[in-house]
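What follows is one structure encoded as structure tokens, with my remarks underneath.
Lettering follows sequence order; numbering is per chain, from 1.
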Amino acid sequence: MESQKRVDPDEKHNRHHDPAQRQGFGRRTTGGHHADSIRRSAKCRKSICVPLWRLFSYRRFMKLWSRFFIPTLKESPADAEITSHKLLLRAGLVRKLSGGLYTYLPLGLRALQKITQLCREEMDAAGAIELWMPHLHPAEFWQAGPRWAAAREIMYRADHAGDGRRGPRDPEFVLGPTHEEIITPLVKSELTSYRDLPKNFYQIATKFRNEIRPRYGLMRAREFVMKDAYSFDVDDEAAIRSYLAMKAAYAKFFARCGLKTISVEADTGVMGGSFSHEFMVPAEVGDDDVVCCEECGYAANREKATSGLVPADLVDAAPEGAFEEFPTPGVATIAALEAAPYGVPADRQFKTLIFMGDGRLFAVVLRGGDELEEAKLGALGFSLWRPATVEEIEPVMGAKPGSLGAVRGTIKNPDALAGVFADHAVRLIGNGVTGANKDGYHLRQVNVTRDLAITKYGDFRRVRVGEPCPKSGQPLQIRRAIEVGHVFKLGTKYSEKYGAAYTDDQKQSKLMVMGCYGIGISRTLQAVVEQCHDADGIIWPWNVAPYQVLVVLLDPQLPEAGELARKLAAAAEAAGADVLVDDRAERPGVKFKDADLIGVPLRITIGGRGLKEGVVEMKLRTEKAVEKVPLTEAEARVQAAVAAAQAAAKA
RNA sequence: CGGGGCGUAGCUUAGCCUGGUAGAGCGUCUGGUUUGGGACCAGAAGGUCGCAGGUUCAAAUCCUGUCGCCCCGACCA
């Protein structure tokens, strides 16, 4: 084989251990020149610096940039839009394979592993137990669960091998978007007694979701790393304890990642369940809106947020006389009815929307100026719903959208409606205008209480900026945010479906009460970058930095510089830091730019100039100032700086 | 899925409207000069112009289809 002829790399290095050999490099590669005068030439840099790492056997304990792989970019690829995505690419952390699919390069992987480890520590500390589940799921597990229909479209299918040979009895597979459907059957068969509970199982693994629109790099990917945990408790009260323990662990975890998060009340969405909180990172580029009150700390996802717009003591408006029809040819929008000659303000109009839910139509009534918050329809109990089509609406209502109303007696076939659900805010209208269920006509003097066929009031509208906080009454604000974690109290939705029950001390069989808890690990990575950067690059928080100390050798060809780098790197490592040494034959400017870009928290610069003065330089990525440290103190000072950073990161 | 935009060298892009030799910067390679915040000079390599049809004497350019990517909306960690 070829390898027999090849010289073993280590043996090759050993040849250069002799200092005399070291001296020889300059001469050998530069002909008759005096070694000193040409030692900084480009050629010399290359020929000398590469053997240098061999000379001192750095490799045993030093990670050398020249031997590593950090492909930094001066310019960001065109398909990156937001800062963190650009920086992930520019700092050589990730590369795109395809939309929503990314390769973690060595540096990115290290950061990801740091986050993973922090998460693991907090989960373990909170009493959760790590395991690992398959990510290829036989579809039958999902079919047996409560949300097969709803979750289907986000799941990747891996039905057959594609050779057409598999028979119809072979299972259909899906790639796991989450694991309730897998963990619950496991728990059902393994945990049977109240003595086994509580339990909380978690894993940190890849999830697959057929996102309708992957974007922003790792922020919304088709394949991503998630920590998912599932708690099982004997009753509601215990489940709440588990929930609160997870919520507390999450707060700790995000704090340790150096992330500022806010926890907000959230909608439970397709997960179902009784209540939930999301952990949000405020960011301009977030794809969630958080409604919050500076005054009292109320914070909720916009999907869930309410306001104090409708006073609790609001008195029903008295009718102004019988409602009457009036012609409105061609008027099909709120705006058109607002315009002349009608001049009906949007918030005096009843807006009627028709939806199809589980095979039946239902109506939602809002103020004309309000927007429906569709997620809030989840409270109505339909498992699936969508806006109804014109063809579905007309036979039931008697008119096309634009002329619809929920006025009793005007609906063509009221029995076909599963209900008329009105937002509380319509009560503010009192007497208003709405469609006559007759194309080209509207009704006025419609009284909410007397005329509308309301089945039930609820909160369906979207909160607007400046409305009073439901708690303090102060104006609400809305901020963009990135969701990085989500805790749900699930209740018995899954345990019931899969029969996850236990026997209590009265020999009674009872359903376990569940909770589930997710952290977007890869999303957290990007959120950190999004929150911690400046114009020059990433500013890693200490705990998630892929490397915490960077020793920059400006003159790597100087033996004394190499020797010093070795000492300082060893000192920093002994203090508990991860150290990278930039030994590349690059100009100082390039090295400094790269150092800032990859965002290592503590930079130690060793250059020929400083060595003559007898100093090395220390600089924190967060600070502008560079500190000159005498060589005699260098090791101790580096260790002290590492210790200080560690202490600060712990606090 | 609806709406908008873009596919030209590893990266950023010019050229396309008005068809006729594919151009630059960064990066890479060679030689030299430089050396503390992304150096300079000289030279070189690197392109099926996303793909497939069509129009034409001639297509990166015009037409049709298709694939991919990005942005806005609904969904989510």
NA contact type, [X], heavy-atom cut-off 4.0 Å: base, sugar-phosphate, or nothing?
X: A:A221; answer: base
X: A:D228; answer: nothing
X: A:R90; answer: base

Record whether the side chain of A:E586 comes under 3.5 Å of the base of B:G38 through a donor-acceptor pair of N or O atoms.
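When only heavy-atom distances are counted, A:E586 does not reach the base of B:G38 through any donor-acceptor pair under 3.5 Å.
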For the [atom1] atoms, the ones on [N] and on [M], what distance do you get once it is rounded to whole angstrom?
N: B:A9; M: B:C26; atom1: C1'; answer: 12 Å
N: B:C67; M: B:G53; atom1: C1'; answer: 14 Å
N: B:C49; M: B:U8; atom1: P; answer: 11 Å

Short of 4.0 Å, heavy atom to strand atom, which residues of residues 111-126 of chain A count as contacting RNA chain B?
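Contacting residues: none.
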Hey, does A:K260 have a side-chain heavy atom less than 4.5 Å from the side chain of A:Q531?
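Answer yes - side chains close enough.
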Checking A:R110 against A:Y547: charged group under 6.0 Å from the ring centre and within 45 degrees of the axis?
yes
How close or far is atom C1' of B:U13 from atom CG of A:L73, stated in whole angstroms?
15 Å
Who passes salt bridge (charged side-chain N to carboxylate O under 4.0 Å, His left out) against A:R215, sequence neighbours left out?
none
Under a 4.0 Å heavy-atom criterion, the protein footprint on nucleotides 67-74 of chain B, written with B, S and -, is --SSBBBB
Counting just side-chain N and O atoms, does A:K74 come under 4.0 Å of either OP1 or OP2 of B:G27?
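Checking A:K74 against B:G27: at least one side-chain N or O falls below 4.0 Å of OP1 or OP2.
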B:C76 OP1/OP2 closer than 4.0 Å to side-chain N/O of A:R209:
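Result: no.
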Are A:F201 and A:Y230, when compared by the centres of their aromatic rings, separated by less than 6.0 Å?
no
